[in-house]
Amino acid sequence: MEKLDRLGWVVHRSFRVGEIDLGIRTTSPAFQEWLDYTLDEYRTEEETPTNYSVVIGGSEASGLSRRRAHVLYRITATMLRTFHLPTVGRALLDDLGTLIYATEDDDSLYAEVGAIEVNGKTALVPLILWSLFNPMTSRAERMGIRLSTARIHRLDLYAPFLLPLPTEKLRMPHDALPRLEALHNPVENGHVDRMIVQEERPVDAVFAWGHVGEPYLKVSRGDIALDLAVAALNLRVMKQSALEGLARFLEGMPTFVLNADRPGKILETVVEAMEKLPDR
Amino acid sequence: MTAPVRPKARTDLALVVLDGEAVIYDESNEELHHLNQTATVVLSMCEGNTTIREMARELAEAFQMTMEEVEPQVRALIRQLRRAKLLEPSRNGKAHG
């Protein structure tokens, strides 16, 4: 945290979301103002540690000496690096929303996994890999990869689809998202460089990580089902229906394990594996 | 002489089978288990009315192996299932197997 502490924070705010008291800080007064407006219902005066830190970058147009990405940290881990400011706000709201519903809802499975999109195909990857990929957004984009903004994904119980997170369960003003869009300075030239699941999205493959040897190998759906069950936040609530849902989700799904290697090399391997997948 | 043990799988477990491999959730201790195909078959035979020797005989016939090869492996699997608490305790207070 000490490394982040030096970044010049404007303000720290405390919120209570779900059962959690948490703190959010940012380097931007404008972003903080939007946050105060959007999450007004959740403000608390309790002293809180810093759970989320939002560094707002910009470019020469905003007086900086060089173009800098916006960065969302969760504790000290990079959740998101992007030049598109609304993506930061959206990712933060999505993550906060999961504190309300992800452990208790029983209409779908909420799993702590990352997602990536490669040339129109979507794969799930272990959260630890997604975390390693996060600081590499620009490099990933050059490779034709878009990383998800979310670290928790909602799995359909009846088919191999990701479903949008029900962020509407987070109580906020109806114009919160338009106001967020209005913060985006077109001169900054940031574009949407991350994947946000805003509608039902088919999943084409699921990866595990950690074997030693070939860059990637096929692995049993049982292995992957175990990984996803371990990652499931509402398994305790859903029990048998969670496992049955996973079985249906993984029906016919290509499943692989990736070699333990440098993150950049793993990214290349993921591209290679996904390019070989049959078209849907 | 005590009656031979007839292992019985717990019926309160959440369980699915994918490609012959069982994934099991034990709500009592929030543990997850993943069984390979052989262990899944053995667990499926634990219905409380078959002895371990009978299970081994059935598997030996199915896989065309000898009892000397199969029975120790089945007993070892039953012990693992017992340690994982996937079997009901026997009537004498000990877990089957």
Side-chain angles (χ1 to χ4, degrees), chain A residues 102-113 124 126-127 155-160 203 205-211 217-257, chain B residues 7-48 55-56 58-59 62-63 65 70 73-89 95-97:
Chain A
T103 58
E104 299 300 328
D105 278 12
D106 61 0
D107 63 339
S108 35
L109 198 69
Y110 291 93
E112 287 185 301
V113 290
L124 299 184
L127 192 64
L155 278 54
D156 193 325
L157 291 173
Y158 296 95
V203 177
V206 183
F207 291 90
W209 185 49
H211 98 103
L217 289 173
K218 284 190 181 178
V219 71
S220 78
R221 291 187 302 133
D223 274 321
I224 297 294
L226 178 69
D227 283 353
L228 290 176
V230 168
L233 294 171
N234 54 345
L235 175 65
R236 181 184 48 82
V237 167
M238 295 182 61
K239 305 169 212 172
Q240 181 69 33
S241 61
L243 295 187
E244 289 173 356
L246 277 176
R248 286 189 291 263
F249 182 86
L250 292 171
E251 180 71 37
M253 180 74 72
T255 50
F256 306 98
V257 61
Chain B
K8 189 172 193 301
R10 283 171 52 196
T11 55
D12 62 331
L13 302 169
L15 181 150
V16 288
V17 177
L18 293 93
D19 301 334
E21 298 175 6
V23 177
I24 301 169
Y25 175 61
D26 183 349
E27 183 189 355
S28 70
N29 56 17
E30 297 188 1
E31 285 191 3
L32 280 158
H33 305 271
H34 173 216
L35 305 185
N36 64 22
Q37 291 180 345
T38 306
T40 300
V41 168
V42 169
L43 184 68
S44 72
M45 299 171 88
C46 294
E47 294 178 323
M55 289 183 199
E58 202 174 314
L59 289 169
F63 292 103
M65 296 169 71
V70 173
Q73 293 181 56
V74 173
R75 290 194 179 276
L77 275 171
I78 294 291
R79 283 194 295 273
Q80 287 176 23
L81 294 175
R82 173 164 51 84
R83 277 197 295 271
K85 300 189 177 68
L86 300 181
L87 303 178
E88 286 186 5
H96 286 283

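Because the structure is a prediction, the values reported are computed rather than measured. A note on names: the letters A, B, ... follow the listed sequences, proteins ahead of strands, and every chain is numbered from 1.
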- Item | Step-by-step side-chain contact (heavy atoms from CB on, under 4.5 Å) determination, A:Leu235 to B:Glu30 | CA-CA 9 Å; A:Leu235 175 65; B:Glu30 297 188 1; over 6 Å; no
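- The side-chain heavy atoms of A:Arg236 and B:Glu27, taken from C-beta on, include no pair separated by under 4.5 Å.
- Proximity to chain A is limited to the backbone of B:Leu13, based on heavy atoms less than 4.5 angstrom apart.
- With sequence neighbours excluded, the residues satisfying side chain to side chain contact (heavy atoms under 4.5 Å, CB included) with B:Glu31 are B:Asn29, B:His33.
- B:Glu21 and A:Gly222 get closest at one heavy-atom pair: OE1-CA, 3.6 Å.
- Using a 4.5 Å cut-off on side-chain heavy atoms (C-beta onward), A:Leu246 and B:Val23 make no contact.
- Applying the ring-ring contact (aromatic ring centres under 6.0 Å, His included) criterion to A:Phe256, with sequence neighbours excluded, gives A:Phe207, A:Tyr216.
- The shortest side-chain heavy-atom distance between B:Leu32 and A:Leu226 falls under the 4.5 Å cut-off.
- Residues B:Ala14 and A:Leu243 come closest through the heavy atom pair O-CD1, 3.4 Å.
- Here the CD atom belonging to A:Gln240 is positioned 11.0 Å from the CG atom belonging to B:Asp12, to the nearest 0.5 angstrom.
- Note that the NZ atom of A:Lys239 and the CG atom of B:Asp26 stand 11.5 Å from one another [nearest 0.5 Å].
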